[in-house]
A.B. asks: 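Pasting in a structure now, in structure tokens, and then I'll have a few things to ask.
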There are 2 protein chains.
Amino acid sequence: MNIKEKIGLRVKRLRKEKNISQEALANISNIDRTYIQSIEKGERNISITILEKIASGFKISISELLKDI
Amino acid sequence: MNIKEKIGLRVKRLRKEKNISQEALANISNIDRTYIQSIEKGERNISITILEKIASGFKISISELLKDI
DNA sequence: GTGTGACTTTGAGTCCGTC
DNA sequence: CGACGGACTCAAAGTCACA
């Protein structure tokens, strides 16, 4: 499993834990809904700014978002 | 200071700590020398795969690379 | 060994709609 | 609400010559 897939799973798991929809995460993170989907599928090589947006959406640090990755 | 600049400084500091040149870091990380340079200047919005390369070059985890960022 | 500007190609990232 | 796809724009990836 590559790093993109790992991050996808991590995002998906965090999202499930918080019990929010892809759409909701997309909104609070200021990212496109379809892009979140693509990320969760492990298709995208996301940039640090997107990582930052997602982390802030989850209200955690980037380093926390990438823990165990 | 934005996140790109923060990462640039972090990379630069880690590199100085290890006492290696940009060229050496570039080689062990499999990245172009000028690209490392651009990253250290905080100009690049680097992706997760580049973060992975740099982290592995430093022999640390990505989460460790992004600590305090 | 470092610093810079310029460049091309590929994919990041957005927006639309459908099922 | 999640999954998928088309079409689009702009930026990340990667390299070069020269100082």
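Residue numbering restarts at 1 for every chain, and letters A, B, ... go by the order of the sequence lines. What's counted below: heavy atoms across the whole structure, side chains too, no hydrogens, waters or symmetry copies. Everything numeric here is computed off the predicted structure, so don't read it as measured data.
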A.B. asks: If you find the nucleotide of DNA chain C closest to B:Glu43 and the one closest to B:Glu23, which residue's nucleotide is nearer the 5' end?
C.D. replies: B:Glu23

A.B. asks: Given D:dA11, is OP1 or OP2 found less than 4.0 Å from the side-chain N or O atoms of B:Asn45?
C.D. replies: no

A.B. asks: Measuring to OP1 and OP2 of C:dT4, would you say a side-chain N or O of B:Lys41 lies under 4.0 angstrom away?
C.D. replies: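 Yes, within the criterion.
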
A.B. asks: Name the atoms and distances for all side-chain donor-acceptor pairs under 3.5 Å in residues 41-52 of chain B, with sequence neighbours left out.
C.D. replies:
from, atom 1, to, atom 2, distance (Å)
B:Lys41, NZ, B:Glu43, OE2, 2.9
B:Glu43, OE1, B:Ser38, OG, 2.9
B:Arg44, NE, B:Ser38, OG, 2.7
B:Asn45, OD1, A:Thr49, N, 3.3
B:Asn45, ND2, A:Ser47, OG, 3.2
B:Asn45, ND2, A:Thr49, OG1, 3.1
B:Ser47, OG, A:Asn45, OD1, 3.3
B:Ser47, OG, A:Asn45, ND2, 2.9
B:Ser47, OG, B:Thr49, N, 3.4
B:Ser47, OG, B:Thr49, OG1, 3.0
B:Thr49, OG1, A:Asn45, OD1, 3.4
B:Thr49, OG1, A:Asn45, ND2, 3.1

A.B. asks: Any pair with a residue in residues 13-22 of chain A that passes side-chain hydrogen bond (donor to acceptor under 3.5 Å, both in side chains), sequence neighbours left out, goes on the list, sorted by first then second residue, please.
C.D. replies: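 Sorted result for residues 13-22 of chain A: A:Arg15-A:Glu40, A:Gln22-A:Gln37, A:Gln22-A:Glu40.
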
A.B. asks: Rounded to the nearest 0.5 Å, how far apart are NZ of A:Lys4 and CG of A:Leu9?
C.D. replies: 13.5 Å

A.B. asks: Would you tabulate the side-chain donor-acceptor contacts of residues 58-69 of chain A under 3.5 Å, counting partners in other chains and residues two or more places apart, or write 'none'?
C.D. replies:
from, atom 1, to, atom 2, distance (Å)
A:Ser61, OG, A:Glu64, N, 3.0
A:Glu64, OE2, A:Lys67, NZ, 3.3

A.B. asks: So which protein nitrogen or oxygen atoms get under 3.5 Å of nucleotides 14-19 of chain C's nitrogens or oxygens?
C.D. replies:
from, atom 1, to, atom 2, distance (Å)
C:dC15, N4, A:Thr34, OG1, 3.2
C:dG17, O6, A:Arg33, NH2, 3.3

A.B. asks: What is the distance, to the nearest angstrom, from the CD1 atom on A:Ile48 to the P atom on D:dA11?
C.D. replies: 18 Å

A.B. asks: Through what angle, rounded to 10 degrees, does the axis of the helix from C:dT2-D:dA19 to C:dC19-D:dG2 turn between its ends, using five pairs per end?
C.D. replies: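 The angle separating the two end axes equals 40°.
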
A.B. asks: How long is the line joining CD of B:Glu52 and P of D:dA13, in whole Å?
C.D. replies: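 Interatomic distance, CD of B:Glu52 to P of D:dA13: 13 Å.
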
A.B. asks: Quickly work out the A:Lys4 NZ to D:dA12 P distance and round it to whole Å.
C.D. replies: 16 Å

A.B. asks: When rounded to the nearest 0.5 angstrom, what distance separates NZ in A:Lys53 from CD1 in A:Ile36?
C.D. replies: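 It comes to 10.0 Å.
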
A.B. asks: Rounded to whole Å, how long is the line connecting atom CG of B:Leu51 with atom P of D:dA12?
C.D. replies: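 Going from B:Leu51 (CG) to D:dA12 (P), I get 13 Å.
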
A.B. asks: Would you say that A:Leu25 contacts A:Arg33 through its side chain, given a criterion of any heavy-atom pair below 4.5 Å between the two side chains?
C.D. replies: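 A:Leu25 does not reach A:Arg33 side chain to side chain.
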
A.B. asks: Please state whether the phosphate of D:dG2, meaning OP1 or OP2, lies under 4.0 angstrom from any side-chain nitrogen or oxygen of A:Gln37.
C.D. replies: no

A.B. asks: Looking at residues 14-21 of chain B, who's got a heavy atom less than 4.0 Å off DNA chain C?
C.D. replies: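 B:Arg15, B:Ser21, in order of number.
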
A.B. asks: Roughly, in whole Å, what's the span from CD1 in A:Ile36 to C1' in D:dC1?
C.D. replies: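 My rounded result for the distance is 14 Å.
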
